Amino acid sequence: MDQSHASSPLAGAVHDLATEVVLALRSGDHLATVCGAAGIDEDNRTGIAAVRVIGADLLLPSVLHGHHPHPGDIAVLHRAVREFPPRPDASDAAVWSHWGMMSALHRTASATAPGADEPNAAWLEGAPWQAFTHQLSVLAPLAVPAASSAVHRAAAHRVVDLSRGFVRAVRRRNWLQAAGAGRWLAALDGRPDSLGLDRGLDFVELMGGTDPRVALHVRAARLMAEGRAR
């Protein structure tokens, strides 16, 4: 592991896990286990916490490449859902992130988790565009094809705000936020032609290349854009 990413065991595990998700997105290998490649199993507490950070994106390679996720990854995501439920004082974004994990499990053919009711999304409706972009970037794992939610609908109604937020994040060199916003924009209709999202994502990937979470969102954005173009 690169020592620059090893400031804590959890930070290192998140870095390694995100790296393996990116590799799986690039290869499309339906036999690969993301968690196994990152050295994470159901008994690895730090690894389970890292899965909670990555959230539903653990299963993203199977979603975007159209194959069933590895049973080991499903089992670990189940464990993360059980071990790290939202606290009573959890933020709205944390509650939605947990819902996204449960929803991802429910979409798998072997899921045993029941479908969960959507949390409230009214907090997004009146948020200023800067805060809206920040919250949507945190919830970028919800930006997947054919997975409608109240967050997705809110994003679809505020594409111009997201576009402004993407540009702002690039100018402020907040590469992770820019990548998350760009991923949403790739999944939505109606973005301004003048935005230049493809070139913008190239720049974000180049400048934020030391963070595999940036690469994860950029790769997801490109795969979704390719799928929509077909």
Side-chain angles (χ1 to χ4, degrees), residues 14 16-38 40-42 50-81 96-116 118 136-137 139-153 155-156 159 162 179-191 197-198 201-202 204-205 212-230:
V14 170
D16 289 352
L17 186 59
T19 298
E20 293 301 333
V21 173
V22 173
L23 291 174
L25 287 172
R26 288 174 177 164
S27 70
D29 185 356
H30 69 284
L31 298 177
T33 164
V34 173
C35 289
I40 296 172
D41 59 32
E42 293 180 74
V51 169
R52 177 62 189 88
V53 174
I54 295 296
D57 275 344
L58 180 67
L59 305 185
L60 184 64
S62 64
V63 172
L64 295 184
H65 289 301
H67 56 68
H68 197 273
H70 192 281
D73 293 338
I74 294 175
V76 173
L77 189 57
H78 269 295
R79 183 67 181 269
V81 167
W96 268 101
S97 177
H98 190 261
W99 177 88
M101 295 166 66
M102 295 180 66
S103 180
L105 285 170
H106 186 65
R107 289 194 299 269
T108 65
S110 62
T112 58
E118 287 190 5
L136 265 291
S137 68
L139 294 175
L142 300 184
V144 293
S148 180
S149 69
V151 172
H152 195 285
R153 292 187 289 274
V159 173
L162 269 177
R183 174 173 168 178
W184 275 106
L185 289 166
L188 299 170
D189 295 319
R191 62 180 180 269
L197 182 61
D198 290 342
L201 286 172
D202 287 344
V204 169
E205 184 177 36
R213 295 173 300 168
V214 171
L216 190 163
H217 291 321
V218 171
R219 183 62 181 167
R222 287 177 175 151
L223 287 171
M224 286 191 290
E226 291 170 5
R228 287 162 61 83
R230 287 198 288 267

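The figures here come from the full heavy-atom set of this structure, side chains too, leaving out hydrogens, waters and symmetry mates. Bear in mind that the values here come from a model prediction, so they are computed numbers and not experimental data.
Taking the six-membered ring for Trp and thresholds of 30 and 60 degrees, Trp99 and Trp96 have ring planes more than 60 degrees apart, a perpendicular arrangement.
Contacts of Ala50 classified as side-chain contact (heavy atoms from CB on, under 4.5 Å), with partners at least two apart in sequence or in another chain: Leu10, Ala13, Val14, Leu17. Taking the side-chain hydrogen bond (donor to acceptor under 3.5 Å, both in side chains) definition, one finds that Asp41 meets it with nothing, sequence neighbours left out. Among residues two or more places apart in sequence or in another chain, the salt bridge (charged side-chain N to carboxylate O under 4.0 Å, His left out) test is passed with Arg52 by none. Partners of Asp73 according to the salt bridge (charged side-chain N to carboxylate O under 4.0 Å, His left out) rule, which considers only residues two or more places apart in sequence or in another chain, do not exist here. Scored by the salt bridge (charged side-chain N to carboxylate O under 4.0 Å, His left out) test, Glu118 finds Arg153 as partners (sequence neighbours excluded). Residues passing the side-chain hydrogen bond (donor to acceptor under 3.5 Å, both in side chains) test with Arg219: none are found, sequence neighbours excluded.
When all heavy atoms of Leu58 and Val21 are compared, the closest pair comes out as CA-CG2, 4.5 Å. Taking both residues in full, the closest heavy atoms of Val63 and Pro145 are given as CG1-CD, 4.4 Å, listed atom of the first, atom of the second, then distance. Nearest approach of Ser97 to Leu139, heavy atoms of both residues: N-CD2, 3.9 Å. Nearest heavy-atom pair, Ala140 versus Gly180, reported as atom, atom and distance to 0.1 Å: CB-CA, 3.9 Å. Here the closest non-hydrogen pair linking Pro69 and Thr108 is CG-CG2, 3.8 Å. The minimum heavy-atom distance between Val51 and Val76, with the atom names listed, is CG2-CG1, 3.6 Å.
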Original post:
Hey, mind stepping through Val144 and Arg107 against side-chain contact (heavy atoms from CB on, under 4.5 Å) and telling me if it holds?
Top reply: CA-CA 12 Å; Val144 293; Arg107 289 194 299 269; 4.1 Å; yes
**OP:** For His65 and Leu223, run side-chain contact (heavy atoms from CB on, under 4.5 Å): C-alpha distance rounded to whole Å, both residues' side-chain angles, the deciding distance at 0.1 Å, then the answer.
**Re:** CA-CA 9 Å; His65 289 301; Leu223 287 171; 4.2 Å; yes
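Panel note: side chain His68, backbone Ser62; no donor-acceptor pair is recorded below 3.5 Å. A side-chain donor-acceptor contact under 3.5 Å links His70 to the backbone of Gly72. In this structure, the side chain of Trp184 engages the main chain of Leu136 through a donor-acceptor pair within 3.5 Å. The backbone N or O of Leu23 lies less than 3.5 Å from a partner atom in the side chain of Ser27, making a donor-acceptor pair. Side-chain atoms of Arg183 come within 3.5 Å of backbone N or O of Ala143 as a donor-acceptor pair.
Atom CG in Leu77 sits 11.0 Å away from atom CD in Glu42 (nearest 0.5 Å).
Side-chain contact between His217 and Leu201 is absent, with no heavy-atom pair separated by less than 4.5 Å. In this structure, the side chains of Leu64 and Arg222 stay at 4.5 Å or more apart for every pair of heavy atoms. In this structure, Leu60 and Leu216 have side chains that are in contact, with non-hydrogen atoms separated by less than 4.5 Å.
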